[in-house]
Novice: 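Here it is: the structure, laid out below.
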Amino acid sequence: MNTPEQSQLGKSSAYIDQYDPSLLFPLPRAPKREEIGLQGSQMPFFGADLWTAFELSWLNLRGKPQVALVHFTIPCETPNLIESKSFKLYLNSFNNTRLADAAEVQARLRTDLAEALWRGSEQKGSIGVKIIGLDRFDQEMVQELDGLLLDRLDVECTQYQPAPELLRANHEEGPVTETLVSHLLKSNCLVTGQPDWGSVQIRYSGAQIDQEGLLQYLVSFRNHNEFHEQCVERIFMDIWTRCRPIKLSVYARYTRRGGLDINPFRTSHPGALPANVRSARQ
């Protein structure tokens, strides 16, 4: 089983510019899920990790460079996630590789990533790969997460490691439906300790969640070392178990690193994924 310490994170790495799918480094989701009380294949949430790659390039058959953006949709049911530096190294391996067209690039991306993400599992599945060519760059929008801004609250913050005890809900009153947003989410890379900056949107129906406690809770991730996907699942489970909503969705958009951003979405009920639209900080 691969571990984060075995990855290229925090290490000097050679940049391979010829196509090499072996550069992808899958990491199992299970160990971190076990930390938050989740075991087996049945999860209390649905969702996906929405990635955007801003630095994809290859050569056409005449040697002329091509550039594109790519949106990836990785189901949270995959047994593995992809360590982000290995993802960057893999994408860079296309740089001096001659390929017929964007369709061939898309096919290789889908095949290679699906193999790594489902590796070690009897269950197999696909992932979403959408290539955005130069002619559609002007259609890529910038939009903030909608919802009531928690950051307006003047709260005292003293805890900078996840503190789920800060979460509380009023079960004495009737249920409400709210969408709450904060831009104060920060965590650190599990291996290097480098900062990861994000915005988070929480939609729920149920007993009204105390907004001050929720903001203090989100701030408490500030010195926590964990990958993006793992942080969002921890947030989901802490709210789910502490506040006991009827429905819950947690969506985070993190700023990019190495030409990649990762935007995990977890929800208690099936439905459409949010649009992969970047925010101003992305």
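Bear in mind the structure is a predicted one, so any value in this text is a computation, not a measurement. Just so it is clear, the values below take in all heavy atoms, side chains as well, and ignore hydrogens, waters and symmetry mates.
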Novice: Of the non-hydrogen atoms in Ala275 and Tyr251, which two are nearest, and what is the gap between them?
Specialist: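 Nearest pair, atom of Ala275 first, then Tyr251: O-OH, 3.3 Å.
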
Novice: Between the side chain of Ser187 and the main-chain N/O of Phe221, is any donor-acceptor distance below 3.5 Å?
Specialist: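 No, Ser187 side chain to Phe221 backbone: no donor-acceptor pair under 3.5 Å.
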
Novice: Do we see a donor-acceptor contact under 3.5 Å between the side chains of Ser199 and His183?
Specialist: yes

Novice: Using the rule that two of Ile, Leu, Val, Met, Phe, Trp, Tyr join whenever any of their side-chain heavy atoms come within less than 4.5 Å, decide whether Phe46 and Ile74 are in one cluster.
Specialist: no

Novice: Just by distance, do the side chain of Ser93 and the backbone of Ile16 share a donor-acceptor pair under 3.5 Å?
Specialist: no

Novice: Side-chain contact test, heavy atoms from C-beta onward, threshold under 4.5 Å: evaluate it for Phe72 versus Leu109 and give yes or no.
Specialist: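 They are in side-chain contact.
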
Novice: Which atom names give the shortest non-hydrogen contact between Arg152 and Leu148, and what distance separates them?
Specialist: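 Where Arg152 meets Leu148 most closely, the heavy atoms are NH1-CG, 3.7 Å.
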
Novice: So that I know where these two stand, are Phe87 and Trp51 an aromatic pair - ring centroids less than 6.0 Å apart?
Specialist: yes

Novice: Whether the side chain of Gln201 engages the backbone of Gly147 through a donor-acceptor N/O pair (distance < 3.5 Å, no angle test) should be reported.
Specialist: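 No, Gln201 side chain to Gly147 backbone: no donor-acceptor pair under 3.5 Å.
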
Novice: Under 4.0 Å between a side-chain nitrogen and a carboxylate oxygen: does that hold for Arg234 and Glu226?
Specialist: yes

Novice: Under 4.5 Å between side-chain heavy atoms, counting indirect links through other Ile/Leu/Val/Met/Phe/Trp/Tyr residues: same cluster for Val142 and Phe54 or not?
Specialist: no

Novice: Around atom CD of Gln161, are there more than 12 heavy atoms from other residues, nucleotides or ligands closer than 6.0 Å?
Specialist: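 Yes - once you tally the heavy atoms of other residues, nucleotides and ligands closer than 6.0 Å, there are more than 12.
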
Novice: Got a salt bridge between Glu178 and Arg203, using NZ or NE/NH1/NH2 to carboxylate O under 4.0 Å?
Specialist: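 Looking at Glu178 and Arg203, the cut-off is not met.
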
Novice: Given Thr267 and Leu248, is the side-chain contact (heavy atoms from CB on, under 4.5 Å) satisfied, shown in steps?
Specialist: CA-CA 6 Å; Thr267 181; Leu248 174 65; over 6 Å; no

Novice: Donor-acceptor check, side chain of Gln106 to backbone of Ala102, threshold 3.5 angstrom: yes or no?
Specialist: no

Novice: Do Leu260 and Leu190 belong to the same hydrophobic cluster, where Ile, Leu, Val, Met, Phe, Trp and Tyr are linked whenever their side-chain heavy atoms lie under 4.5 Å apart, directly or via other members?
Specialist: no

Novice: In the single-linkage hydrophobic clustering (I, L, V, M, F, W, Y; side-chain heavy atoms under 4.5 Å), do Leu38 and Phe236 co-cluster?
Specialist: yes

Novice: Please check this pair: side chain of Tyr204 against backbone of Leu180, looking for a donor-acceptor N/O pair closer than 3.5 Å.
Specialist: no

Novice: Report the C-alpha separation of Ser86 and Leu23 in whole Å, then their side-chain angles, then the decisive distance to 0.1 Å, and conclude whether the side-chain contact (heavy atoms from CB on, under 4.5 Å) test is met.
Specialist: CA-CA 6 Å; Ser86 79; Leu23 293 168; 5.7 Å; no

Novice: Tell me yes or no: between the side chains of Gln282 and Arg256, is some donor less than 3.5 Å from an acceptor?
Specialist: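 Side chains of Gln282 and Arg256: no pair found under 3.5 Å.
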
Novice: Can you confirm whether Val70 sits close enough to Thr52 that some side-chain heavy atom of one is under 4.5 Å from a side-chain heavy atom of the other?
Specialist: no

Novice: Testing the basics here: between Pro274 and Leu50, what is the closest heavy-atom pair and its distance to 0.1 Å?
Specialist: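 Nearest heavy atoms, Pro274 then Leu50: O-CD1, 3.7 Å.
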
Novice: What distance separates Thr255 OG1 from Trp197 CH2, expressed to the nearest 0.5 Å?
Specialist: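 Result: 8.5 Å between the selected atoms.
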
Novice: Looking only at heavy atoms, what is the nearest atom pair of Arg281 and Gly198, with distance?
Specialist: NH2-O, 2.9 Å

Novice: Apply the test side-chain hydrogen bond (donor to acceptor under 3.5 Å, both in side chains) to residues Asp210 and Tyr217: give CA-CA distance (whole Å), side-chain angles for both, the deciding distance (0.1 Å), then the verdict.
Specialist: CA-CA 11 Å; Asp210 179 77; Tyr217 165 75; over 6 Å; no

Novice: Please tell me whether Val181 and Leu218 are part of a single hydrophobic cluster in this structure, the criterion being side-chain heavy atoms less than 4.5 Å apart.
Specialist: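 The answer is no; the residues belong to distinct hydrophobic clusters.
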
Novice: Between Arg108 and Leu99, does a side-chain contact (heavy atoms from CB on, under 4.5 Å) hold up when you go through it step by step?
Specialist: CA-CA 10 Å; Arg108 293 196 186 201; Leu99 298 165; 3.4 Å; yes

Novice: For residues Leu89 and Asp20, determine if any side-chain heavy atom of one lies less than 4.5 Å from a side-chain heavy atom of the other.
Specialist: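 Sidechains of Asp20 and Leu89: no contact.
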
Novice: Any donor-acceptor pair under 3.5 Å linking the side-chain atoms of Asp17 with those of Asn95?
Specialist: no

Novice: Salt bridge check: are Arg278 and Glu140 linked by an N-O gap of less than 4.0 Å?
Specialist: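 No, Arg278 and Glu140 are not salt-bridged.
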
Novice: Drop me the distance from Phe265's CZ to Leu273's CG, to the nearest 0.5 angstrom.
Specialist: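 One finds 6.5 Å between CZ of Phe265 and CG of Leu273.
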
Novice: How many angstroms lie between CG in Leu214 and CG in Leu167, if you round to the nearest 0.5 Å?
Specialist: 6.0 Å

Novice: Between CD of Glu77 and CD of Gln42, what distance do you get to the nearest 0.5 Å?
Specialist: 10.0 Å

Novice: How close do Trp118 and Lys124 get, counting heavy atoms only, and between which atoms?
Specialist: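 What the structure gives for the nearest pair is O-NZ, 3.2 Å.
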
Novice: Would you say the side chain of Ile132 lies within less than 4.5 Å of the side chain of His71, judging by non-hydrogen atoms?
Specialist: yes

Novice: Would you say Tyr90 and Ile82 make side-chain contact, with heavy atoms under 4.5 Å?
Specialist: no

Novice: Is the shortest heavy-atom distance from the side chain of Asn2 to the side chain of Pro26 under 4.5 Å?
Specialist: yes

Novice: Hey, are the side chains of Pro75 and Ile127 touching, using non-hydrogen atoms and a 4.5 Å cut-off?
Specialist: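 When only atoms from C-beta onward are counted, Ile127 and Pro75 do touch, with a gap below 4.5 Å.
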
Novice: Under a 3.5 Å distance rule, please check whether Arg244 uses its side chain to pair with a backbone N or O of Gly206 as donor and acceptor.
Specialist: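 No, Arg244 side chain to Gly206 backbone: no donor-acceptor pair under 3.5 Å.
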
Novice: Check this for me: does any side-chain nitrogen of one of Asp196 and Lys186 sit under 4.0 Å from a carboxylate oxygen of the other?
Specialist: no

Novice: Where do Leu145 and Val200 land on the side-chain contact (heavy atoms from CB on, under 4.5 Å) test, with the steps shown first?
Specialist: CA-CA 8 Å; Leu145 295 171; Val200 60; 5.9 Å; no

Novice: What's the separation between atom CG in Asp238 and atom CG in Leu166, rounded to the nearest 0.5 Å?
Specialist: 10.0 Å

Novice: Please tell me if the side chains of Gln208 and His171 come closer than 4.5 Å, counting only heavy atoms from C-beta onward.
Specialist: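 Side-chain contact under 4.5 Å: no.
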
Novice: Compute whether any side-chain donor of one residue and acceptor of the other, for Gln66 and Asp101, lie under 3.5 angstrom apart.
Specialist: no

Novice: Which value, rounded to the nearest 0.5 Å, describes the distance between Ile209 atom CD1 and Arg168 atom CZ?
Specialist: 11.5 Å

Novice: Are the charged groups of Asp49 and Arg29 less than 4.0 angstrom apart, N to O?
Specialist: yes

Novice: For Asn80 versus Thr78, what's the shortest heavy-atom pair and its separation?
Specialist: O-OG1, 2.8 Å

